[in-house]
Participant: 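This structure is in structure tokens; I'll ask about it shortly.
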Protein chains: 2
Amino acid sequence: MKENSKVRHRVLDTVTRLFYEQGFQATGINQIIEESEVAKASLYEHFPSKEDILRAYLEDATARWRTDFAAFCNDRPPGEKTLLALFDYRKQRAVEGGFKGCTFVRVAYELPNLDEASLDIIRKHKAYIKTMVKQHISLLPVRRSARETEDLAEMIVWLYEGSGVQSSLERSAHPIDAAKKIAQKLLS
Amino acid sequence: MKENSKVRHRVLDTVTRLFYEQGFQATGINQIIEESEVAKASLYEHFPSKEDILRAYLEDATARWRTDFAAFCNDRPPGEKTLLALFDYRKQRAVEGGFKGCTFVRVAYELPNLDEASLDIIRKHKAYIKTMVKQHISLLPVRRSARETEDLAEMIVWLYEGSGVQSSLERSAHPIDAAKKIAQKLLS
DNA sequence: ATAAAAACGAACAGACTTGTCTGTTTTTTG
DNA sequence: CAAAAAACAGACAAGTCTGTTCGTTTTTAT
């Protein structure tokens, strides 16, 4: 049972914190083994290279994003409420994480020559969000063509991305709030 | 005349290429001196540390962005045409640069603990664009309140940012084109 | 032409990097 | 309880990193 081992779990816990706070490159193997209280040989038994840690980190992050967001939307009805919860969720994460930006975009931007496997995890994460947005739009009372739904979903996703970037640069949640209001107006 | 020296110029030329292609941390001092054909002692005469190179790089990049964009808009009338040129300009840069994302956001995301001076250069660059967008909106025939102008400018800026991010993840200019069309619709 | 300034090549320091390997101890499993 | 598997601590390799310092050569300015 290598997949659920304690070593793996502790390493992923640690890098989830460190990669976000410091970035991937600024986080050394030695710091990882020290803070996760794991022997270097054990770490390399589970992750043959640092890139493998990165891939596992991304997979873990996208899985956790989905379950955490689902939990966040627990008591909200599908449709507009859940759709707008996207912005509230991002706001919460931004505040808690110190406004360092989207986990996934951060990796892609830090490593412009990222391997395709890792890049695909990031792409799929963004595609997942867009699909979700489209689904919730189609649940709304307003009748929309497929084309209109697609355009609206794109617009909302870009408001989400763009306000996330600006929130990070300004170290403020305001852009996310403002983008949410705009999205709300667009939906009605 | 240290500001216009050939050493400084060649170093900035080189890092403009290397920082964008590889990122800041992945670019070593030794590669910089080799490709800019400058002695290490000369480089450290002009830039006491690597962080100083980064600051100079950002200042240079924002200055060049402004002049290049002005040249790009050369024959376009102020108002909608120039405003939408923002998207065309971003598209051109994205294609030429291999879809590695916005120069400035890249730095901020790669270095989450960036010094305030550098972060301010980035913030001012984004503020400059937003101010420009507002100015061009106010030139349009449609009458808008200050509040409406502000909201519209924010929306356009986030479409610009968001589509830029997605364009980079997908390595495709399509999101920028699509965002431009949406912006166009919003303006009328 | 001569003096001052700038750029040069190259060695060097010291710390850090990822990854390997060895032998020991702990944990798990039959 | 014994055998197998996993995790351990830590030394080590080989290379990289930023930054300093040397004496020499080239360029610039008076």
Side-chain angles (χ1 to χ4, degrees), chain A residues 1-60 106-107 110-115 117-118, chain B residues 1-60 106-107 110-115 117-118:
Chain A
M1 38 183 76
K2 223 172 175 180
E3 299 301 307
N4 298 27
S5 91
K6 283 186 182 164
V7 168
R8 186 184 171 88
H9 189 256
R10 272 197 303 227
V11 167
L12 285 179
D13 262 17
T14 303
V15 299
T16 294
R17 182 168 45 82
L18 293 181
F19 286 174
Y20 191 75
E21 280 175 8
Q22 311 176 344
F24 172 73
Q25 298 178 94
T27 304
I29 293 284
N30 293 319
Q31 191 183 9
I32 296 173
I33 65 168
E34 196 172 323
E35 301 204 13
S36 54
E37 294 178 284
V38 155
K40 190 177 270 195
S42 308
L43 180 142
Y44 275 102
E45 196 62 36
H46 287 79
F47 306 98
S49 78
K50 202 184 169 190
E51 283 198 1
D52 290 280
I53 305 179
L54 181 63
R55 249 193 309 278
Y57 159 73
L58 288 173
E59 305 241 36
D60 190 57
R106 282 269 307 280
V107 171
E110 179 180 354
L111 305 166
N113 304 306
L114 193 62
D115 61 295
S118 300
Chain B
M1 38 184 76
K2 223 171 179 183
E3 299 302 306
N4 299 28
S5 90
K6 282 185 182 164
V7 168
R8 184 183 173 88
H9 189 256
R10 272 195 304 223
V11 168
L12 285 178
D13 263 16
T14 303
V15 299
T16 294
R17 181 169 46 81
L18 293 181
F19 286 172
Y20 192 75
E21 280 174 7
Q22 311 178 343
F24 172 73
Q25 297 178 97
T27 303
I29 293 285
N30 292 319
Q31 192 184 10
I32 295 173
I33 66 168
E34 195 172 322
E35 301 203 13
S36 54
E37 293 178 287
V38 155
K40 191 178 268 197
S42 309
L43 180 142
Y44 276 101
E45 195 63 36
H46 288 79
F47 305 98
S49 79
K50 203 185 169 192
E51 283 200 1
D52 289 281
I53 304 179
L54 180 63
R55 248 193 309 278
Y57 159 73
L58 288 172
E59 304 241 36
D60 191 57
R106 284 268 308 280
V107 171
E110 178 180 355
L111 306 166
N113 303 306
L114 192 62
D115 63 294
S118 299

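Here is how names work: the chains are called A, B, and so on, in the same order as the sequence lines, proteins then strands, and each is numbered from 1. Just so you know, these numbers come straight off a predicted model, no measurement behind them.
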Participant: Specify the angle, to 10°, made by the local axes at the two ends of the helix from C/dA1-D/dT30 to C/dG30-D/dC1 when five pairs are taken at each end.
Facilitator: 30°

Participant: Among the nucleotides D/dC8, C/dT20, C/dG9, which one has an atom lying closest to any side-chain atom of A/Y44?
Facilitator: C/dT20

Participant: What's the closest nucleotide to the B/A41 side chain, out of D/dT20, D/dT21, D/dC8?
Facilitator: D/dT21

Participant: Taking the side chain as every heavy atom from C-beta outward, state whether A/D60 and A/V15 have any atom pair closer than 4.5 Å.
Facilitator: no

Participant: Name the closest nucleotide to the B/S49 side chain, picking from D/dC8, C/dA7, D/dG19.
Facilitator: D/dG19

Participant: Taking only heavy atoms on the protein side, list every residue of residues 12-38 of chain A lying under 4.0 Å from any atom of DNA chain D, sorted numerically.
Facilitator: A/E37, A/V38

Participant: Can you tell me if A/E51 has over 12 outside heavy atoms packed within less than 6.0 Å of its CD?
Facilitator: no

Participant: Measure from CD on A/E45 to P on C/dT20 and round the result to the nearest Å.
Facilitator: 11 Å

Participant: Side chains of B/K40 and B/N30, heavy atoms from C-beta outward: is any pair under 4.5 Å?
Facilitator: yes

Participant: In the structure I gave you, are the side-chain heavy atoms of B/V38 and B/T14 within less than 4.5 Å of one another anywhere?
Facilitator: no

Participant: Closer to the 5' end of DNA chain C via nearest nucleotide, is it B/R10 or B/K40?
Facilitator: B/R10

Participant: What is the separation between atom CD1 on A/I53 and atom C1' on C/dT18, rounded to the nearest whole Å?
Facilitator: 10 Å

Participant: Give the intermediate values and the outcome of side-chain hydrogen bond (donor to acceptor under 3.5 Å, both in side chains) for residues B/Q22 and B/T27.
Facilitator: CA-CA 6 Å; B/Q22 311 178 343; B/T27 303; 3.1 Å; yes

Participant: Rounded to whole angstroms, how far apart are CZ on B/F47 and C1' on D/dT18?
Facilitator: 16 Å

Participant: Does OP1 or OP2 of C/dC8 have a side-chain N or O of B/S42 closer than 4.0 Å?
Facilitator: yes

Participant: I need the CG-P distance between A/L43 and C/dC21, as an integer number of Å.
Facilitator: 16 Å

Participant: Taking it one step at a time, do B/L58 and B/R55 satisfy side chain to side chain contact (heavy atoms under 4.5 Å, CB included)?
Facilitator: CA-CA 5 Å; B/L58 288 172; B/R55 248 193 309 278; 5.6 Å; no

Participant: Would you check if A/L111 and A/Q25 make a side-chain contact, meaning some heavy-atom pair closer than 4.5 Å?
Facilitator: yes

Participant: Under 3.5 Å, is there a donor-acceptor pair linking the side chains of A/D13 and A/T16?
Facilitator: no

Participant: Give one of base, sugar-phosphate or nothing for B/K6, where a contact means two heavy atoms less than 4.0 Å apart.
Facilitator: nothing

Participant: Could one point to a donor on the side chain of B/K50 or the base of D/dG19 with an acceptor on the other under 3.5 Å away?
Facilitator: no

Participant: Just to confirm, is there a sub-4.0 Å distance from OP1 or OP2 of D/dA6 to any side-chain nitrogen or oxygen of A/H46?
Facilitator: no

Participant: State, with a plain yes or no, whether a side-chain heavy atom of A/V107 is found less than 4.5 Å away from one of A/F19.
Facilitator: no

